[in-house]
Each structure stands twice: as structure tokens, then as C-alpha cells.
2 protein chains.
Amino acid sequence: MGEQLRRRTGIDAEKILDAALTLFARQGYQVTSMDEIGSSLGIKGPSLYNHVRSKQEVLVTIMTNTMSALIRAQNAALEAGGDFKTQLRRVVEAHVRYHAAHPREAFVGNREIGSLETEYRVELLELRDAYEHKLRSLIEDGSLEGEFLVPSAKLVSYAILEMGIGVATWFNPLGELGVDEVAYVYAEMALRMVTMRTHTEETSLL
Amino acid sequence: MGEQLRRRTGIDAEKILDAALTLFARQGYQVTSMDEIGSSLGIKGPSLYNHVRSKQEVLVTIMTNTMSALIRAQNAALEAGGDFKTQLRRVVEAHVRYHAAHPREAFVGNREIGSLETEYRVELLELRDAYEHKLRSLIEDGSLEGEFLVPSAKLVSYAILEMGIGVATWFNPLGELGVDEVAYVYAEMALRMVTMRTHTEETSLL
DNA sequence: CCTACCGATCGGTAGG
DNA sequence: CCTACCGATCGGTAGG
């Protein structure tokens with residue numbers, strides 16, 4: 001009997017987003033229940049509705065935050081200036097660093113697009129598109145200036161982003177390769193992809 | 001009143017796998033019900049159990065078939081022989097061709113690993129690992145022979161596979177680029193990744 | 001922030 | 001291959 005000892009919970013929307021992010025990343029959005037999210041914060045499922053409007057809103061916020069962070073990092077890389085090679089290096093490093101440091105965000109962002117209701121999905125894909133086009137434009141501009149030579153700016157852009165996303169899958173901060181080394185290697189690979197090979201008979205494919 | 005006109009259904013496990021694959025790819029495993037799968041074949045959900053043991057078995061079969069097909073294609077590419085560059089080109093082209101031609105399998109195979117029960121997930125990850133190691137060994141062997149020069153065979157292998165998987169996301173058989181052109185471009189990018197750049201000050205990073 | 005509960009969905013089985 | 005149904009889960013609301 002007697003009143004339950006109630007510790008200051010200090011629960012807010014941000015803590016809920018973080019707990020949900022962990023669970024969504026580990027087991028998926030659909031399979032995660034509001035009760036589970038609450039439970040990982042020491043409260044019951046229905047109590048979450050004092051802080052968030054719906055489970056869908058939680059997912060939308062997580063995914064929008066993720067794309068915003070990526071776009072901010074990309075803009076910072078581009079605004080630092082330098083020649084095209086330097087800019088490409090910085091953009092790729094920023095992309096890889098984000099995915100190495102934020103695997104949960106990367107998992108959810110890349111796997112749960114289909115779990116978004118249509119209107120939100122459309123908005124998110126637009127952000128994603130803008131992110132890709134910034135990289136593509138850099139490659140196109142560098143090609144016009146003669147610094148790069150690529151078979152297809154679009155495909156090279158897709159490939160660079162995709163391989164960087166993969167880092168989130170396997171990167172281990174306690175592994176033998178640190179985030180710096182991984183970022184450098186991916187930037188080097190990207191630079192090779194936009195640079196003519198030494199002995200090449202098939203440089204201009206398209 | 002009168003017996004319902006019953007067309008020959010001709011339903012078998014294979015048809016069920018194909019229908020399930022389409023739905024799993026479009027909306028995800030968890031969200032797809034057995035009733036939906038049945039409905040897309042003109043029968044009721046419970047009738048599926050005359051052909052398959054469980055929904056999980058359907059997913060396992062789909063994903064195992066996918067990895068088997070990829071491994072077969074990779075082996076064929078390697079057995080065709082040639083120098084290391086030729087082998088790498090063939091392996092990458094086979095990888096890309098599969099993902100361009102089988103987007104449903106690619107979506108499910110890369111998004112639903114977490115929907116597999118532990119034992120099946122372990123088995124599938126072993127197949128995946130073997131597939132990656134075949135490519136990695138090719139890169140390592142080519143490096144020992146002096147045909148390739150890479151900052152990390154492991155990372156280059158990861159990057160090549162990951163960028164090829166991405167093709168399943170955007171490739172459109174009716175688009176301006178055909179599957180041949182896409183395969184060639186990705187092989188060219190892979191070859192650049194394992195080849196020293198012309199003007200390079202930072203070739204050996206690790 | 002909690003209990004109680006509504007309305008709906010779902011995988012799988014029984015029995016034909 | 002179908003209907004009927006079991007047992008369980010879940011998002012969200014009511015009302016405190």
C-alpha cells in the first residue's frame with residue numbers, strides 16, 4: 001500500500017525520440033510497440049501520449065532530424081571551399097563520418113521510408129534528393145572544369161552515397177579502423193571514381 | 001444457391017513465394033498478412049497453409065533463394081577466368097545485373113534480415129559473408145600480383161558490393177540507361193577504385 | 001503518469 | 001480450398 005516512491009522521471013519528447021530510435025533501429029518500426037518504448041523509459045505506453053501525438057509522429061521526427069543533420073554537414077563541407085577535389089573529399093568524409101557515428105539513424109532512415117505515410121514520405125524523399133543533387137552538381141562542375149572525368153555524374157553520385165551509407169552497417173568504434181581512417185579511405189575511393197585511370201582503354205563509356 | 005464456378009487455381013508453393021515477394025518488397029514482411037498474400041492469388045489466407053508451413057518459412061525461402069542466385073552468378077563470373085581486372089569486371093557486372101533485374105529480391109534481402117528468426121539469420125549472414133569474401137580475395141590476390149593497389153581490400157570490397165546493391169533502388173528498365181550500360185559503368189568505377197590514381201600524393205593510406 | 005478498455009488486426013488451427 | 005475461431009498484440013482514448 002502507501003504511495004509508490006516516484007523518482008523524478010524527467011521524461012520529455014527528446015528522451016522518447018532517443019528510446020524509440022534505439023528500438024526502431026534494432027527491431028524495426030512496425031514491430032516496436034508504444035509499450036516497449038515506454039517500458040525502456042520506465043513508464044507505461046499510454047503515458048507517452050502526454051509528450052508525442054502518435055507513433056507515426058515519432059518516426060517522422062526521427063527521420064526528418066536525420067536528413068537535416070546530413071544536409072547541414074554537407075553544407076558545412078561545401079562552404080569550406082577549396083578546389084573540386086578538396087570539396088569532394090570533404091563532402092564524402094562528412095557523409096561517412098555521419099554514418100559511422102549514427103548507425104541507428106542510418107538504419108531507420110534507410111529501412112523505414114516505406115513506414116512513413118505518403119505525405120511525409122514525399123517530403124523526406126525531397127530532402128534526400130536535394131542532398132544527392134548537391135553532390136551530383138559538384139561532380140558535374142568539377143567535370144566541366146576538367147578536374148574530374150566520369151562516365152555518369154548521376155551514377156557516380158549514387159554510388160558514392162550508397163557506399164558511404166553501408167559504413168553504418170559494419171563500422172565498429174572499437175574496431176581496428178578508426179572513424180578517421182575509414183573516412184579517408186572512402187574519400188580516396190570517391191576521388192578515384194572521378195579520376196581517369198592510368199592505363200585505360202575504356203574511359204568514356206557513355 | 002448454385003455451386004460457385006471454380007476456375008482451376010493451379011496454386012503451388014512457387015506462386016505463393018512470388019506473390020509474397022512482391023508484397024514483402026512493396027510494404028515489408030511484418031505488415032503483410034497471410035490474407036493479403038492469399039488474396040493476391042485469389043484464395044483465402046488459411047488456404048496457403050496447404051502449401052507452406054508458415055509465413056516465416058516463406059521469408060526464409062525467399063531470402064535463401066536470393067543469396068543462392070547471387071553466389072551462383074558470382075561463381076560463374078569467376079570461373080570464366082581472365083586476368084584480375086577482367087575477373088573483377090565480370091564479378092561486378094554480375095552483381096549489378098542481378099540487382100537491376102531483381103529489385104524485389106534485393107529490397108527484401110537487405111531490409112528483412114532482422115525479420116528472420118535467429119537461426120535462419122545466422123545462416124543467411126554466413127552466405128552473405130562468403131559472397132563478400134570471394135570478392136575480397138580477388139582484390140587481395142590482384143594486389144599481391146601488382147595489378148591492383150588498394151587502401152584496404154576489405155573496405156573496397158564492402159564499398160563495391162554496397163554501391164551495386166543501390167542499383168536495385170533506382171534502376172528502371174524503361175529508363176534512359178539500359179542494364180548493360182549501368183553494369184559497365186559500375187565495373188568501371190570498381191576498376192578505378194582498385195587502381196592507383198594518376199596524380200596522387202596519398203595513395204597508401206593504411 | 002496510470003488503469004481499464006475499445007476496436008481492429010493477425011498467424012495459425014479445427015474440421016470439414 | 002473454405003468458414004469459424006482461438007489467443008494474442010497493438011495504437012490510441014477515457015477518465016482520473
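Throughout, a chain's letter reflects where its sequence line sits, starting with A, and its residues are numbered from 1.
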Write down the distance between [atom1] ([X]) and [atom2] ([N]), rounded to a whole number of angstrom.
X       : N      : atom1 : atom2 : result
B:Tyr29 : C:dG11 : OH    : P     : 8 Å
A:Phe24 : D:dG11 : CZ    : C1'   : 12 Å
A:His51 : C:dC1  : NE2   : C1'   : 8 Å
A:Lys55 : D:dG12 : NZ    : P     : 8 Å
B:Ile43 : D:dC1  : CD1   : C1'   : 7 Å
A:Ile37 : D:dG12 : CD1   : C1'   : 13 Å
B:Gln30 : C:dC10 : CD    : C1'   : 12 Å
B:Glu36 : C:dG11 : CD    : C1'   : 13 Å

Which residue lies more 5' along DNA chain D, comparing A:Thr32 with B:Lys44 via nearest heavy atoms = B:Lys44
Check every atom of [options] against the side chain of [X] and return the nucleotide holding the closest atom.
X       : options              : value
A:Pro46 : C:dT3, D:dG11, D:dA4 : C:dT3
B:Ile11 : D:dC1, C:dC1, D:dC2  : D:dC1
B:Ser54 : C:dA4, C:dG12, C:dC1 : C:dG12

Salt bridge check: are B:Glu132 and B:Arg136 linked by an N-O gap of less than 4.0 Å?
-> yes
B:Lys85 versus B:Val194: any side-chain heavy-atom pair under 4.5 Å?
-> no
Going by the side-chain contact (heavy atoms from CB on, under 4.5 Å) test, name the single residue among A:Leu78, A:Val91, A:Val156 that passes it with A:Leu135.
-> A:Val91
Once you apply the 3.5 Å cut-off to both distances, tell me the Watson-Crick or G-U wobble partner of D:dG7, or none.
-> C:dC10
Identity of whatever pairs with C:dG15 - Watson-Crick or G-U, under 3.5 angstrom | D:dC2
May I ask you to verify if any side-chain N or O of A:Ser33 is less than 4.0 angstrom from the OP1 or OP2 atom of D:dT9?
-> no
Indicate the ring-plane relationship of B:His95 and B:Tyr131, choosing parallel, tilted or perpendicular according to the 30° and 60° boundaries.
-> tilted
A:Ser68/A:Asn65 under side-chain hydrogen bond (donor to acceptor under 3.5 Å, both in side chains): CA gap, chis, key distance, verdict = CA-CA 5 Å; A:Ser68 297; A:Asn65 286 351; 5.5 Å; no
Want to settle it: does B:Arg53 or B:Asn50 sit nearer the 5' end of DNA chain C, counting the closest nucleotide to each?
-> B:Arg53
